[in-house]
Structure formats: structure tokens, C-alpha cells
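Each chain gets a letter, A, B and so on, in the order its sequence line appears, and its residues count up from 1.
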Amino acid sequence: MTERSNRCIEEYRTQTRRTAAPDFAAKCLDRLGLADRYLAIESAIGPVYVAWNPVGVSAVRQASDSEAFERWFRKRFARRALPATGEAPIVESVRRALAGESVPELAIDLRDCTPFEADVLRKAREIGRGHARPYAWLAREINRPRAVRAVGSALANNPVPLLIPCHRVVRSDYSSGEYVFGSDVKRKLLEREGLDLPAITDLVRHGYHYLGQPDDGCFCLPTCGNVIHDEHLVRFHSVDEAIAQGLEPCTTCRPMAA
DNA sequence: TGGGTGACGACGC
DNA sequence: AGCGTCGCCACCC
């Protein structure tokens with residue numbers, strides 16, 4: 001083997017590994033119309049970069065510029081995202097969702113997630129605007145009542161924050177808990193959605209974990225968006241107490257284990 | 001492969 | 001009240 005051929009082989013390996021192969025792969029995917037494309041879109045927390053592919057939205061992230069977003073995307077997903085050229089049909093749905101509208105038909109690409117993570121994220125997606133649920137509640141709902149901590153990790157991994165509203169999952173004492181964009185942003189988002197978290201933490205500090213509305217005969221978690229905070233509101237320390245008053249568990253916030 | 005690592009929660013001060 | 005500790009469980013080298 002000559003020194004020259006050794007140099008060639010080394011160069012080939014370097015190029016292939018570091019640049020040529022990923023570019024080539026990206027070009028092929030693009031030809032097939034399968035590449036991830038991205039665009040900056042306005043949201044409640046300012047512009048965010050949103051990426052999508054034929055399966056659905058693959059990523060939502062804040063970034064200082066498109067280069068930073070591309071770097072993050074490549075590191076996270078081990079593939080490239082290309083700037084969008086035209087306006088894809090999915091973008092209009094994303095705009096509506098980021099404007100606060102519920103868009104349940106919006107496709108989201110969760111192929112990169114583990115089955116457990118996908119379960120967590122699908123459940124989180126069911127939490128409507130104006131509602132919030134504890135991490136422990138989410139763990140219980142997906143039949144993994146002891147995986148509370150793992151639920152937190154799965155939400156921390158949410159590839160599409162805001163679209164899957166992981167900011168609506170809070171601690172059991174109704175303090176906000178952590179968030180990709182910071183816990184103060186999380187609190188601000190919840191406040192903007194009409195939730196008075198400070199008032200609720202106060203309520204819970206005094207031992208009132210459930211709220212009931214005798215008029216419609218059911219009791220709720222204090223962060224259930226269906227609760228009307230008026231003079232009819234009754235406070236309960238426990239599920240048993242609410243049931244003793246003849247109230248049924250709310251079918252939206254499901255305040256007790258099935 | 002097994003031990004380290006978290007967007008948690010209960011409990012003890 | 002707010003902190004430290006420990007158990008928990010999925011995931012990652």
C-alpha cells in the first residue's frame with residue numbers, strides 16, 4: 001500500500017463521515033420529498049423554529065438564528081433540516097395551533113420517541129387550554145403510576161413543545177415545575193391560558209385538593225379548566241369527602257384512579 | 001451491563 | 001416553609 005493510497009483512504013473516510021455522507025443522504029431524502037423542512041413561526045413566546053416532514057411536525061425550538069436551529073436539529077435527530085422553500089399545507093395548521101387554537105388533526109412525528117415517551121406525549125396532548133395536570137396524574141393515566149419521574153424525563157424530551165402542551169403538566173403541589181423554555185415562561189403561559197396557579201397552590205397548601213360544583217354534581221382537580229370559580233364552589237380535602245357529598249368525579253380531569 | 005441521571009413525590013426536620 | 005433524603009422508573013452510555 002503506497003503512502004498516496006493511504007492518504008486517499010484517510011481523506012475518503014474523513015469526508016464520508018463528517019460531510020459528504022450526510023449531505024448526500026439529505027439530498028436523496030430531499031429528492032424523494034422526505035426531508036425535514038423548517039420555518040420560523042410566531043408563537044406565544046415569540047418566534048420559534050418549526051420543522052416538519054411528510055409524517056408530521058418533527059420539532060419546535062427557540063433558537064437565535066437558523067444556523068443554531070440547524071445545529072440543534074442535527075444533533076438531536078442525527079439528520080439535517082433544510083430551510084422551507086414554499087409554504088407547505090401543514091404550516092397553516094401549525095400557525096393556528098401556535099396561535100392557541102386546538103388543532104387535534106395536526107400530525108406530529110413521534111417516530112424518534114420510545115413507546116413510553118409517545119404514551120406520555122399523547123396523553124399530554126389531551127390536556128386542553130386552561131387546564132393543567134400533575135405529573136403523577138399523567139403517570140396514573142398511562143397506567144404507570146410509579147413512573148412519575150420518568151414522565152418528567154419524557155416531557156423534558158418533548159420534540160414539539162407548545163404543540164404538545166407539556167407546560168400544562170405541573171407538580172402535585174401545583175407549583176409549576178421545570179420547562180424547556182424556563183419555569184417562569186411556563187408560569188406565564190399558564191397564566192395567559194387563564195389558570196391562576198398561585199391561588200391554587202395556596203388552596204392546596206391549606207389541604208384543599210379537590211373542588212366541587214354541587215350544581216353540576218361533580219368534583220374536579222383544582223386545575224381543571226371546567227371549574228367555575230364562583231360562590232358555588234365547594235372545597236374538599238379528599239376524594240372521599242367529595243363523594244360523601246354525593247358528587248361524581250369529573251370525566252374531564254378524572255380526579256381519582258379508575 | 002449496570003450504574004448514573006433526571007421537568008417527581010412523600011416524608012422528615 | 002423550605003430544604004435534604006430517599007425511592008421510584010425509563011433511558012443512556
Determine which bases of DNA chain B form Watson-Crick or G-U wobble pairs with both distances under 3.5 Å, and write the result as a 5' to 3' dot-bracket string with | for other-strand partners. .|||||.||||||
Could you tell me how the ring of A/Tyr179 sits relative to the ring of A/Phe181: parallel (under 30°), tilted (30 to 60°) or perpendicular (over 60°)? perpendicular
Can you label the angle between the A/Phe69 ring and the A/Tyr38 ring as parallel, tilted or perpendicular, going by 30° and 60°? tilted
Write down the distance between [atom1] ([X]) and [atom2] ([N]), rounded to a whole number of angstrom.
{"X": "A/Tyr174", "N": "C/dA1", "atom1": "OH", "atom2": "P", "result": "18 Å"}
{"X": "A/Arg205", "N": "B/dG9", "atom1": "CZ", "atom2": "C1'", "result": "17 Å"}
{"X": "A/Arg149", "N": "B/dG4", "atom1": "CZ", "atom2": "C1'", "result": "11 Å"}
{"X": "A/Asn157", "N": "B/dC8", "atom1": "CG", "atom2": "P", "result": "14 Å"}
{"X": "A/Asp112", "N": "C/dA10", "atom1": "CG", "atom2": "P", "result": "19 Å"}
{"X": "A/His209", "N": "B/dA10", "atom1": "NE2", "atom2": "C1'", "result": "12 Å"}
{"X": "A/Glu178", "N": "B/dT5", "atom1": "CD", "atom2": "P", "result": "18 Å"}
{"X": "A/His206", "N": "C/dA1", "atom1": "NE2", "atom2": "C1'", "result": "12 Å"}

How about A/Ser175 and A/Asp173: does a side-chain donor come under 3.5 Å of a side-chain acceptor? yes
Would you kindly check if the NZ (Lys) or CZ (Arg) of A/Arg235 is within the cone defined by 45 degrees around the ring axis of A/Tyr208 and under 6.0 Å from the six-membered ring centre? yes
Residue [X], side-chain heavy atoms: nucleotide from [options] that is nearest:
{"X": "A/Cys166", "options": "B/dG9, B/dA7, B/dG6", "value": "B/dA7"}
{"X": "A/Glu117", "options": "B/dA7, B/dG9, C/dC11", "value": "C/dC11"}
{"X": "A/Val180", "options": "B/dA7, B/dG9, B/dG6", "value": "B/dA7"}
{"X": "A/Ala150", "options": "C/dC9, B/dG9, B/dA7", "value": "C/dC9"}
{"X": "A/Arg144", "options": "B/dG9, C/dA10, B/dA7", "value": "C/dA10"}

Charged N-O contact under 4.0 Å between A/Asp202 and A/Arg205: yes
Does atom CZ of A/Arg96 have more than 12 heavy-atom neighbours, drawn from other residues, nucleotides or ligands, at distances under 6.0 Å? yes
Crowding at CD, A/Glu87 (>12 non-hydrogen neighbours, <6.0 Å): yes
Between B/dG9 and A/Ser172, is there an OP1 or OP2 to side-chain N/O distance shorter than 4.0 Å? yes
Which part of the nucleic acid, if any, lies within contact of A/Phe116, taking any heavy atom under 4.0 Å across all strands shown: a base, the sugar-phosphate backbone alone, or nothing? sugar-phosphate
Looking at B/dC8, does its base get a donor-acceptor pair with the side chain of A/Arg171 below 3.5 Å? no
Classify the side chain of A/Arg146 versus the base of C/dG7 as yes if they form a donor-acceptor pair under 3.5 Å and no if they do not. no
